[in-house]
Amino acid sequence: MVEIELDGKKVEVPPGSMVMHAAEKAGVYVPHFCYHKKLSIAANCRMCLVDVEKAPKPMPACATPVTMGMVVRTKSEKAIKAQKAVMEFLLINHPLDCPICDQGGECQLQDLAVGYGGTHSRYEEEKRIVFHKNVGPLISMEEMSRCIHCTRCVRFGQEIAGVMELGMSHRGEHSEIETFVGQTVDSELSGNMIDLCPVGALTSKPFRYAARTWELSRRKSISPHDSTGANLVVQVKGDRVLRVVPLENEAVNECWIADRDRFSYEALNGPDRLTQPMIKQGGEWRTVGWPTALEYVANGLKGVREQHGAGAIGLLASPHATVEELALARALMAGLGSPNLDHRLRAAAFDHAAPAGQARWLGLPIADLSTLERVFVVGSNLRKDHPLFAQRIRQAARKGAQVSALVAGAVDWAMPVHRVLTAPAADWVAALAGVAAAVAEAKGVAVPAGAEGVAVDDAARAVAQSLLGGERKAVLLGNAAAHHARAASLLALAQWVAEQTGARWGYLTEAANTVGAQLVGVLPGEGGLDAQRMLGGALKAAVLLGVEPGADTAGDGAALADAELVVTLSPFKTNLDISDVLLPVAPFTETSGSFVNAEGRLQSFQAVVKPLGETRPGWKVLRVLGNLLGLPGFEQTSSQEVLAQALPGVAHGEFVPAERLNNRVTVSGIDLTPAAGEPCVAAIYQLDALVRRAPALQATADGRAARAAAEGVCA
């Protein structure tokens, strides 16, 4: 450790640290703009000038390495004078438009100008003007005259997002931050540039002019999209969500969120919201009260059970539903006597589930992804399926980790990739078996049963050699591997390769509550139907909890139209062609609940706004429905009570017990038969009902490409 004196106090920091790091450790604030703890040091703004003893002039704290015995003063006359001089230069060309600036009230320049700015300007020449740029539907660059060239946005693209979409052109007062050449900003993490911008140069285009920052209430929540479980601050004005920004949690999402976490809130205020229960009568939809709708559903389910038996009733649940909703959904089916329930909506095979009461999971803490030395990803478009996981693995790759992949097409994960095995999805088992054979060849052991005689090529050997090196390593199965027709064989091979190479293995897991759905048992009981068979028309009554057949499922669900009763619980007017009843249940911002993320961490949240119209929390709707059906176990009065029964002893932020997280699988032999059909995987902005209804996300390059692909035309 290196000891320095900072403002009269002794501070110890590791060798190679900067004065800024010592100041942070000592709790001393040094004004700055370009410095950010997650980005490389640029020393652009010079606002952090400090007085270093024996140095001839003030030194930038962010770029001055500590030395033993160094004496630093951050508040001496010399330091303050230098900081005020820098502030004067920064304000020379800055437009004085705070009263109309969207960043007003949360602007670092505005804040520091109060303490370090002068009462008047000595600059009398005309200020420069920088013309606005159109960089897409998410980020507004309408006011680039405000830019102070800190280059945080540029460095974020290079280092965190992996795509340098912004850069600085020209020199001196002609310098501009812009895209090259005239391109849009299309990174799936691009919205973080808005948070990083210390002035009002980059702002949120959907939020622009919607409210002043001091008018907003700030409330904590959890992302309902992918399996990261990103921590959010939802900003509200008058019971309307107007903005979503990250809540820092170093163990989960650090200080970043994906664009779908940030901008999907638009759907909450959209025209598709269902605000009253509706019943279809004579082919026409009409609104009714809650008692009428719930009695209609209860009587319908009773009628189907009496006429066709409980086995004719089934429930399909979204893995984006909360633990509480899923637990009561399972209790509802158990009370009715039906074993037909499932959350694996996009799966083609159902023979690789964890034992009852356990769950397939990531296999390691999310934070450990950043420290891996070897990674082998099977069947995932990592950057689009799990943007924040990709970001962590990108940091590992920047530090020298070898990342390998088995995918069906070209890989653009915006990071260095050691070796890519490219094969049609139908042949993934054979390709992964080739890696297993290469590992067996290198170690002199027998290959897994069923994989004998598999050819080993140079690419497979390269992946095997990579996994045999290093200490911290993982074999990770993506969404396409989980939904694959040979998912059991892929998991068995991944387990074998991981065990032979000393790696950890697991699933990246698709949705916010994929792990939670398994833990509370939203899976077919003995003799029960899986999602594919329920969608195929085997039911007389179907309950759809947050599910939109076709968009959320591998099949289109058209056969459900032949059922006698289809009940949809959703925040949106959807499934109009197949449903008989629509029940408006609350999205994540209007209900309390919990998700279990990929690493097995339970995270609970509260409603941030009142339910819209007659919308009700999903757990309450299911509880009342259980009461009307006369079922036992539906006496809960709060979501916390439901959670305590579903996952006893697990509190917010804690991991579920280790014995309930299980990736181990036993198969009699590897099935090398090519699988028919492609795995069903949702595009980044088609994952769930919220992102599909967010206009800004659908206007992005990824959103347009997904719609074009669905329509069978070129983007």
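Note that the numbering runs from 1 along the sequence shown for the chain.
A donor-acceptor contact closer than 3.5 angstrom links the side chains of R262 and N192. Of the N and O atoms on the side chains of H225 and D688, at least one donor lies less than 3.5 Å from an acceptor on the other residue. Of the N and O atoms on the side chains of Q640 and E324, not one donor lies less than 3.5 Å from an acceptor on the other residue. Checking Q603 against N231 by side-chain atom types alone, a donor-acceptor pair falls below 3.5 Å. Side-chain polar atoms of T514 and Q518 form no donor-acceptor pair below 3.5 angstrom.
Salt bridge present: E248 and K37 bring a charged side-chain N and a carboxylate O closer than 4.0 Å. We find that R601 and E654 are not joined by a salt bridge, their nearest charged nitrogen and carboxylate oxygen being 4.0 Å or further apart. Ion pairing between a basic and an acidic side chain is recognised when a charged N comes within 4.0 Å of a carboxylate O; R693 and E548 show such pairing. Salt-bridge check for R623 with E325: failed, with every basic side-chain N at 4.0 Å or more from each acidic carboxylate O. Using a 4.0 Å cut-off between charged side-chain N and carboxylate O, D552 and R346 make a salt bridge.
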Could you walk me through whether V581 and M278 satisfy the side-chain contact (heavy atoms from CB on, under 4.5 Å) test, starting with their C-alpha distance in whole Å, then the side-chain angles of each, then the deciding distance to 0.1 Å, before giving a yes or no? CA-CA 6 Å; V581 184; M278 300 180 74; over 6 Å; no
Taking it one step at a time, do F588 and L232 satisfy side-chain contact (heavy atoms from CB on, under 4.5 Å)? CA-CA 12 Å; F588 80 107; L232 310 175; 4.2 Å; yes
L576/W285 under side-chain contact (heavy atoms from CB on, under 4.5 Å): CA gap, chis, key distance, verdict: CA-CA 9 Å; L576 298 177; W285 285 100; 3.9 Å; yes
Go through it in stages, so that I can follow the logic: the residues are N662 and R360, the test is side-chain contact (heavy atoms from CB on, under 4.5 Å), and I'd like the CA-CA distance, side-chain angles, deciding distance and then a yes or no. CA-CA 6 Å; N662 182 4; R360 305 293 190 206; 4.3 Å; yes
Go through the steps for E254 and K38 under the test salt bridge (charged side-chain N to carboxylate O under 4.0 Å, His left out), then give the verdict. CA-CA 9 Å; E254 300 176 87; K38 294 290 184 180; 2.8 Å; yes
Where do H386 and T228 land on the side-chain hydrogen bond (donor to acceptor under 3.5 Å, both in side chains) test, with the steps shown first? CA-CA 8 Å; H386 300 90; T228 307; over 6 Å; no
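Every side-chain hydrogen bond (donor to acceptor under 3.5 Å, both in side chains) that E614 has, sequence neighbours left out, goes to R616. Scored by the side chain to side chain contact (heavy atoms under 4.5 Å, CB included) test, E564 finds V304, Q307, H308, K540 as partners (sequence neighbours excluded).
Closest non-hydrogen pair, V596 versus N513, comes out as N-OD1, 2.9 Å. Here the shortest heavy-atom pairing between L242 and A211 reads CD1-CB, 3.7 Å. Residues V667 and A492 approach most closely at CG2-CB, 3.5 Å, considering heavy atoms. Closest heavy-atom contact between P617 and E590: CG-O, 4.4 Å. Contact record, V585 with T615: C-CG2, 3.4 Å, taken as the closest heavy-atom pair. Heavy-atom minimum distance, N253 versus R392: N-NH2, 4.3 Å.
Between the side chain of N340 and the main chain of G314, no donor-acceptor pair closer than 3.5 Å is present. Side-chain atoms of D702 do not come within 3.5 Å of backbone N or O of A683 as any donor-acceptor pair. Side-chain N or O atoms of Q235 include none that pairs as donor or acceptor with a backbone N or O of L216 at under 3.5 Å. Panel note: side chain N627, backbone F634; a donor-acceptor pair is recorded below 3.5 Å. Of the possible polar contacts, one joining the S579 side chain to the N575 backbone as a donor-acceptor pair under 3.5 Å is found. Not a single donor-acceptor pair under 3.5 Å links the side chain of E635 to the backbone N or O of P632.
Other residues, nucleotides and ligands contribute more than 12 heavy atoms inside 6.0 Å of the CD atom of E659. A 6.0 Å sphere centred on NZ of K384 holds more than 12 heavy atoms belonging to other residues, nucleotides or ligands.
In this structure, the separation between CG on L647 and CZ on R660 is 5.5 Å, given to the nearest 0.5 Å. In this structure, CG in L326 is found 10.5 Å from CG in L519, a value given to the nearest 0.5 Å. One finds the CG atom of D272 at 8.0 Å from the OG1 atom of T574 (value rounded to the nearest 0.5 Å). The OG atom of S227 sits 7.5 Å away from the CG atom of N479 when rounded to the nearest 0.5 Å. The structure places CG of L138 at 6.0 Å from CG of L697, a figure rounded to the nearest 0.5 Å. From N597, atom CG reaches atom CD1 of I222 across 9.0 Å, with rounding to the nearest 0.5 Å.
Looking at V656, V323, L643 one by one, the single match for side-chain contact (heavy atoms from CB on, under 4.5 Å) with V650 turns out to be V656.
With ring centers used as reference points, F595 lies under 6.0 Å from F605.
Listed by first then second residue, pairs satisfying salt bridge (Lys or Arg N to Asp or Glu O under 4.0 Å) with a partner in residues 215-229 read E106-R218, E215-K237, D226-R260, not counting sequence neighbours.
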